[in-house]
Visitor: 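Please see the structure below; I have some questions.
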Amino acid sequence: MEYNFKEVEKKWRHYWRDHKVYKAIPDPSKQKCYVLDMFPYPSGAGLHVGHPLGYIASDIFARYKKLKGFNVLHPMGYDSFGLPAEQYAIQTGQHPAITTEQNINRYRTQLDYIGFSFDWDREVRTSDPTYYKWTQWIFLLLYNSWYNKSSNKAESIDTLINCFRDSGNVSVDAETSITEYFSSEEWINFNEKKQQHILLHYRLAYLSDASVNWCPDLGTVLANEEVKDGVSERGGYPVEKKLMKQWSLRISAYAQRLLDDLEKIDWSDSLKEQQRNWIGRSEGAQVNFKVADSDFSIEIFTTRPDTIFGATFMTLAPEHELVEMIVTPEYRNKVMSYVIESKNRSERERMAEVKNITGIFTGAYAIHPFTQEKIPVWVGDYVLAGYGTGAVMSVPAHDSRDYAFAKHFNIPIKEVVSGGNMEEQSYDAKEGLLINSGFLNGLDVKSAIKKAIDEIEKKNIGNGKINFRIRDAIFGRQRYWGEPIPIYFKDEIPYPVDEKDLPIVLPEVDKYLPTEDGEPPLARAKNFTYKNYPLETTTMPGWAGSSWYYLRYMDANNPDQFASKEALDYWRDVDLYLGGAEHATGHLLYVRFWTKFLFDKGYISIDEPARKLINQGMIQGRSNLVYRIKDSNKFVSFGLKDKFETTALHVDVNIVENDILNLNEFKKWREEYENADFILEDGKYICGSEVEKMSKSKWNVISPDDMIDKYGADCLRLYEMFLGPLELSKPWNTNGITGTSNFIRKLWKLYHKQNANHELDFFISDDQPTKEELKALHKTIKKVAEDVERFSFNTSVSTFMICVNELTDLKCNKRSILEPLAIIISPYAPFIAEELWQLLGHRESVTKTKFPDFKEEYLIESDFSYPVSVNGKTKTNLSFPLSLSKEEIEKEVLKADEVVRLLKGQVPKKVIVVHGKIVNLVV
RNA sequence: GCCCGGGUGGCGGAAUUGGUAGACGCGUCGGUCUCAAAAACCGAUAAUCGUAAGGUUGUGCGGGUUCGAUUCCCGCCCCGGGUACCA
């Protein structure tokens, strides 16, 4: 009998489930380890072999830590609100909750087959009212908070109201969009509506008129993070800018902390860099330029205040409010039609036309604050309304965009930093000496920036300023399948729902589409009211639930709190977080934001969610192609295809093995191929191949279920790890799986002996192990432990293979070797490990035991054999007793016959001993 | 354009701190077993010269540091990812 993985895996799946082997219980006597995967959106297509890659890696880590004596929290759940279920509901009328439930069940089955050590008692689903109750609760907390810049944290809105009542808003240093000031008296005399309106400008969750990314095809707005290349990330529909009343979260208040704290966490450099770029901190100055013959002044932001003497014109964004006010009568018509034209162009068009320079002169002039010269004011759509102040001082000599604009419209270029050639291009580099710049002349750029800011502040026309690129996150979605926002409207003023009335449950609707008036689907619901007032009809975006789910796992079934204090204090933060890099500027930014917010409010004691983060690479598909000869039903093998005129067609990779097409299966695959003919090479039909995304339409989807059916879950786990480094993207190729399959069989055979009927019987001896056997084992223990700690799972699989090969060669069947081997292999191949463990006579799961300790002494041999080189060239091998010191080795080397021969009488200048291993003699 | 990664046999990939490059697996070739095939097992497998012992070259390209470089430094080429008028 060979190893029957099907039976064994079934047996242990049930055992694990029935005995709740992986249940995590807080235990203050043990050190905790929180291993988290980014939870999946349960899509209808189920899992393909790429999805579990990260789960397998984290599972190995979690199982390993458990064996090392840690109390491991390793949960799983579902990010179950989202667009696909809703799109499906729109098409079929089926409630998204039903589709979601079905998909979750399928996911669960698939996940169980792979043998994960998840504690399913802690499962969360973001679409479950008992979960989103707390998402709504956090939203209300955000709504009831403001950001105090002097204490540098979020505080209760009540403290702000008290401030306003006592002294108005002048002395308040808050993160706010408000520009007007009021006194204590004025505040008291404002009516309710005005007061609430003002407070919205301070709240961390606020309603405002915002320029949003509107996606007409999806009928909803999207956050910047959900828009890629001017189209929606999901579905790829066009997106346009639109002014709408919208809920937003004031993430910009946390910009500096989100940036600074990247230093504290062990995430990959590329991911940190992406977040840094996204936050986009830039230091510079804000400066006012008076508009000639008017009371207006134009406020600009620049990172190069040193080049202020080179400003030969000003440019306003088309959306800038001053455009209309300063344009002179003779230019008004032309300018206003330019403004309308640019506003109507979609984001995508504007992007596509980056190289098209457009702009128009307003007829107005600004006064240069230092030279008092009149400089023309232009409107140009290369200036973005949303960044800085929406206006720039244009320094064509030292900014390539200003340069292109100036060249195009023939505006003078004034060089103020030496080092470039103005005839050819602008000189943007931050080095060189200042010229033509009054009081800045002769300074280098760095000190000129300082000096310029000093003078600007002295003159009271501006100040040094730090700008961030990150915008507040739009939080409302005109969709059905999301968390309702717990806000109701009285006199058009938003008010929070009372905490005790949460959750606001998603109401039933007749259709999942917007209403005829363009209201979101929730507006269709009957009696969707609170205290007889209408409730907010937009829902939260997909990332709301995922911004705090790691906290809910700590105490997933708590009805009274999002998690208890004890649970939060015990599990604290995530020790290892595994997921895709595509969430770099979305989820991973929001989850840090919410964590900092909850920290500020005193609910949690950590201000970063995950200490260590690893991005697993994507597994691409490897498609197979067949070549049909034009106008025939004849297919030609890959190597001969160039002799014919052919069309390449995708063929189901499941009927191809090692690129050889199974002809019978192919004929059965589709009716039209039933009578297909083939031109073969060497009697085989060889398919072509291509690496592309795994998708149904390319017929290259490999399902983990099929792999498990054919080779077993252990084999799949080992093979996925063996493919290469976790973080690398790589194409799936089933060809190599026979290697890991063989390995598992060899492992099984180590614990068995063939009987007279050529069957394998369990056979193990209690003899003392030999030196070689102990060495093989302890080498493996050491390497595997090291590899797991540094997440190099591919190399530890190799180590296992070497170990099993060595023990097979040594014909080792000793308990003292094979028992520890079963333990250290169990994180990678839990099913066979459990079975072997049981055969060895243990009744409890292998996870209840301890990872064996590594003993250095077994690795040390009596003699070391050194390769010795002279001048790094000729080599010879020498052996020395272990007891020798470095100095003694050096002496011994020189005495050795081989070395004397190699040296030919020369005296070496230097003898190099490294790691007590390599000896090189320099002559 | 800018910012991050990366480039090693026929293929996926090892090489942990600068120390015997190519571990491990796949594939290929040869062998054992078999009437035969499959499976299994054993051996070979960077290139090149040589019957062999052995030599020479070799980690994208060009240079440098070093007794010694896949690893460090400078310049270039190519591939992948992110980002894109952010003043």
Side-chain angles (χ1 to χ4, degrees), chain A residues 2 228-230 268-278 280-282 284 300-304 307 315 317 350-351 353-355 357 380-384 386-395 398-402 404-405 428 467-471 581-582 584-585 615 617-618 658-659 718-719 722-725 727-743 745-746 749 783 786-787 789-790 792 794-803 805 808 865-873 875 877 908-915 917-923:
Chain A
E2 288 277 302
K228 295 262 145 83
D229 299 324
S268 77
D269 288 337
S270 84
L271 200 127
K272 285 187 183 181
E273 201 55 32
Q274 275 183 57
Q275 292 213 344
R276 279 190 200 106
N277 291 339
W278 192 264
R281 182 184 198 268
S282 42
I300 59 100
F301 174 75
T302 178
T303 53
R304 295 293 302 275
T307 63
T315 314
R350 232 166 122 162
M351 273 180 173
E353 292 165 19
V354 166
K355 284 183 188 86
I357 296 160
D381 71 355
Y382 81 96
V383 177
L384 301 176
Y387 181 76
T389 60
V392 298
M393 67 172 196
S394 301
V395 185
H398 305 289
D399 182 288
S400 56
R401 295 151 304 178
D402 296 342
F405 196 85
D428 297 13
N467 242 321
F468 291 96
R469 203 189 80 121
I470 192 170
R471 317 286 160 82
E582 66 273 19
T585 53
N615 297 119
M618 255 211 299
N658 290 340
D659 288 341
L718 284 163
Y719 186 57
F722 185 70
L723 270 177
E727 296 176 77
L728 224 74
S729 284
K730 55 231 156 196
W732 178 264
N733 186 348
T734 308
N735 293 352
I737 202 167
T738 51
T740 44
S741 184
N742 279 341
F743 162 73
R745 279 208 295 264
K746 276 190 197 171
K749 280 184 193 161
K783 180 101 168 77
E786 278 170 6
D787 285 347
E789 300 276 4
R790 66 187 176 109
S792 178
N794 54 331
T795 50
S796 32
V797 178
S798 298
T799 308
F800 284 132
M801 291 179 174
I802 295 167
C803 180
N805 283 342
T808 305
S865 174
Y866 297 103
V868 176
S869 326
V870 175
N871 279 344
K873 285 236 170 184
K875 288 165 222 154
N877 279 308
K909 278 185 242 157
K910 230 200 282 183
V911 179
I912 298 159
V913 180
V914 183
H915 296 309
K917 256 185 176 177
I918 306 300
V919 181
N920 190 14
L921 307 171
V922 184
V923 179

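Naming convention: chains lettered A, B, ... in sequence-line order (proteins, then strands); numbering from 1 in each chain. Reckoned from all heavy atoms, side chains included, excluding hydrogens, waters and symmetry mates.
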Visitor: Can you measure A:K730 atom NZ to B:rG5 atom P for me and round it to whole angstrom units?
Guide: 19 Å
Visitor: In the structure shown, which nucleotide is the Watson-Crick or G-U wobble counterpart of B:rU56, with both distances under 3.5 Å?
Guide: B:rA47
Visitor: Could you work out the separation of B:rA53 and B:rC42 based on their P atoms and round it to a whole Å?
Guide: 24 Å
Visitor: Name the residue closer to the 5' end of RNA chain B, choosing between A:K783 and A:E273 according to the nucleotide with the nearest heavy atom.
Guide: A:E273
Visitor: Figure out the CD/P separation between A:Q274 and B:rC4, and round it to whole Å.
Guide: 12 Å
Visitor: Taking the same atom, C1', in B:rC78 and in B:rG60, what whole-Å distance lies between them?
Guide: 7 Å
Visitor: Say you pick atom C1' in B:rU8 and the same atom in B:rA69; how far apart are they, in whole Å?
Guide: 14 Å
Visitor: Quick one: list whatever passes ring pair (Phe, Tyr, Trp, His ring centres under 6.0 Å) with A:Y719, sequence neighbours left out.
Guide: A:W732
Visitor: Measure CE/A:M618 against C1'/B:rG81 and give the value in whole Å, please.
Guide: 10 Å
Visitor: Give one of base, sugar-phosphate or nothing for A:P731, where a contact means two heavy atoms less than 4.0 Å apart.
Guide: nothing
Visitor: What integer number of Å spans the C1' atoms of B:rA14 and B:rG9?
Guide: 13 Å
Visitor: Using whole Å, report how far CD of A:Q275 lies from P of B:rC4.
Guide: 16 Å
Visitor: Excluding sequence neighbours, so at least two apart, what forms ring pair (Phe, Tyr, Trp, His ring centres under 6.0 Å) with A:F468?
Guide: none
Visitor: With both distances kept under 3.5 Å, what pairs with B:rG75, Watson-Crick or G-U wobble?
Guide: B:rC61
Visitor: Base, sugar-phosphate or nothing for A:E727? Non-hydrogen atoms, less than 4.0 Å.
Guide: nothing
Visitor: Relative to each other, are the rings of A:F301 and A:Y387 parallel, tilted or perpendicular (30° and 60° limits)?
Guide: perpendicular
Visitor: Could you say whether A:N277 or A:D787 is positioned toward the 5' end of RNA chain B, judged by the nucleotide with the nearest heavy atom to each?
Guide: A:N277
Visitor: For A:E727, give me all partners under salt bridge (charged side-chain N to carboxylate O under 4.0 Å, His left out), at least two apart in sequence or on another chain.
Guide: none
Visitor: What is the nucleic acid contact for A:R745, judged by heavy atoms within less than 4.0 Å: base, sugar-phosphate only, or nothing?
Guide: sugar-phosphate
Visitor: Whom does B:rC41 pair with, Watson-Crick or G-U wobble, provided both distances fall under 3.5 Å?
Guide: B:rG31
Visitor: Once side-chain hydrogen bond (donor to acceptor under 3.5 Å, both in side chains) is applied, do any residues pair with A:K272, and if so which ones, sequence neighbours excluded?
Guide: none
Visitor: Paired with B:rG1: which nucleotide, if any, by Watson-Crick or G-U wobble criteria at under 3.5 Å for both distances?
Guide: B:rU83
Visitor: Answer yes or no: is there an ion pair linking A:K783 with A:E786, defined by an N-O contact shorter than 4.0 Å?
Guide: no
Visitor: Take atom CZ of A:R304 and atom P of B:rC85, then tell me their distance rounded to the nearest Å.
Guide: 20 Å
Visitor: Provide the distance between the two P atoms, one in B:rU17 and one in B:rC3, to the nearest whole Å.
Guide: 27 Å
Visitor: Between A:Y387 and B:rA87, is there a contact of a side-chain N or O with OP1 or OP2 at under 4.0 Å?
Guide: yes
Visitor: Determine which nucleotide pairs with B:rG25, using a 3.5 Å limit on both distances of a Watson-Crick or G-U wobble pair.
Guide: B:rC11
Visitor: Can you find a pair of side-chain heavy atoms, one from A:M801 and one from A:T740, that are under 4.5 Å apart?
Guide: yes
Visitor: Who does B:rU66 pair with, Watson-Crick or G-U, both distances under 3.5 Å?
Guide: none
Visitor: In whole angstrom, give me the gap between the C1' atoms of B:rU45 and B:rC33.
Guide: 23 Å
Visitor: Rounded to the nearest angstrom, tell me the gap between atom CH2 in A:W732 and atom C1' in B:rC26.
Guide: 13 Å
Visitor: Give every pair of a protein N or O atom and an N or O atom of nucleotides 23-25 of chain B that lie under 3.5 Å apart, one pair per line with the distance.
Guide:
from: B:rG25; atom 1: OP1; to: A:N805; atom 2: ND2; distance (Å): 3.1

Visitor: What residues, two or more places apart in sequence or in another chain, satisfy ring pair (Phe, Tyr, Trp, His ring centres under 6.0 Å) together with A:F800?
Guide: A:Y828
Visitor: Say you pick atom C1' in B:rA21 and the same atom in B:rC74; how far apart are they, in whole Å?
Guide: 25 Å
Visitor: Under a 90° cut-off about 0 for the syn range, is B:rG80 syn or anti?
Guide: anti
Visitor: When the P atoms of B:rU71 and B:rC85 are considered, how many whole Å apart are they?
Guide: 38 Å
Visitor: Can you check the A:E786 CD to B:rU16 C1' distance for me, whole Å?
Guide: 7 Å
Visitor: Side chains of A:N794 and A:P725: does their closest heavy-atom pair fall under 4.5 Å?
Guide: yes
Visitor: Rounded to the nearest Å, what distance is computed from the CZ atom of residue A:R469 to the C1' atom of nucleotide B:rC85?
Guide: 12 Å
